[in-house]
Trainee: 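Sharing a structure below in structure tokens format, with a few things to ask.
Worth knowing before you read on, the calculation uses all heavy atoms, side chains too, and leaves out hydrogens, waters and symmetry mates. As the structure is a computational prediction, the values presented were derived from the model and not from experiment.
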Amino acid sequence: MACNYDATALCDDGTCLELDSCGNCGGSADAGCTNATACNFAPLALCDDDSCILPDGCTDETACNYDAAALCDNGTC
């Protein structure tokens, strides 16, 4: 399961590494939304995981243009 697996090794020397959430062998990077305009922007994310939710409507239930389907407020309420 290690990303640096060596099929020729005869014993485990303790150097096995795993993929981080960005797909780097032995890395420690976190994946998340890297689009600063998204409602779920993750400033500490080092690679984008395609989870960004972009502003798409008015989410204020008291507004006359409330959009129940909107996931993220776009400032038009």
Side-chain angles (χ1 to χ4, degrees):
M1 298 299 290
C3 57
N4 64 334
Y5 173 71
D6 181 356
T8 63
L10 299 176
C11 62
D12 185 354
D13 64 1
T15 61
C16 294
L17 301 173
E18 294 182 13
L19 294 175
D20 65 12
S21 58
C22 291
N24 299 315
C25 187
S28 61
D30 288 327
C33 175
T34 60
N35 184 334
T37 63
C39 293
N40 62 329
F41 171 62
L44 299 179
L46 297 178
C47 61
D48 196 83
D49 64 1
D50 296 324
S51 69
C52 295
I53 300 171
L54 298 174
D56 61 351
C58 174
T59 59
D60 181 352
E61 292 182 9
T62 64
C64 60
N65 64 333
Y66 169 66
D67 181 355
L71 300 174
C72 183
D73 195 89
N74 65 3
T76 62
C77 298

Trainee: In the hydrophobic clustering that connects Ile, Leu, Val, Met, Phe, Trp and Tyr at side-chain heavy-atom distances below 4.5 Å, which members other than I53 occupy its cluster, ordered by chain and number?
Mentor: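 L71, which link up through side-chain heavy atoms under 4.5 Å apart, make up the rest of the cluster.
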Trainee: Output the distance between atom CG (L19) and atom CG (N4), rounded to the nearest 0.5 Å.
Mentor: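 Result: 9.5 Å between the selected atoms.
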Trainee: Looking at every heavy atom in both A45 and G32, which two are closest together, and how far apart are they?
Mentor: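 Here A45 and G32 meet closest at CB-N, 3.6 Å.
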Trainee: Of all heavy-atom pairs between L54 and N35, which one has the smallest distance, and what is that distance?
Mentor: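 In this case the closest contact between L54 and N35 is CD2-ND2, 3.4 Å.
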Trainee: Flag the pair N40 / C52 as yes when at least one side-chain heavy-atom distance between them is below 4.5 Å, and no otherwise.
Mentor: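 In short, these two side chains touch, coming nearer than 4.5 Å.
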Trainee: Which pair of heavy atoms, one from D56 and one from N74, lies closest together, and at what distance?
Mentor: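 Smallest heavy-atom distance, with atoms named: C-ND2, 3.8 Å.
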Trainee: Do you know which two heavy atoms are closest between C47 and S21, and how far apart they sit?
Mentor: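 Minimum heavy-atom contact is SG-O, 4.3 Å.
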Trainee: Taking all atoms of both residues into account, what is the closest heavy-atom pair of A38 and C33, and its distance?
Mentor: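 The answer is CB-SG, 3.4 Å.
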Trainee: Report yes if some heavy atom in the side chain of N65 is under 4.5 Å from a heavy atom in the side chain of C77; otherwise report no.
Mentor: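 Answer yes - side chains close enough.
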Trainee: Nearest 0.5 angstrom please: L46 CG to S28 OG, how far?
Mentor: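 Output value for this atom pair is 8.0 Å.
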Trainee: Minimum heavy-atom separation for N24 to A29, with atom names?
Mentor: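 Heavy atoms of N24 and A29 come nearest at ND2-CB, 4.3 Å.
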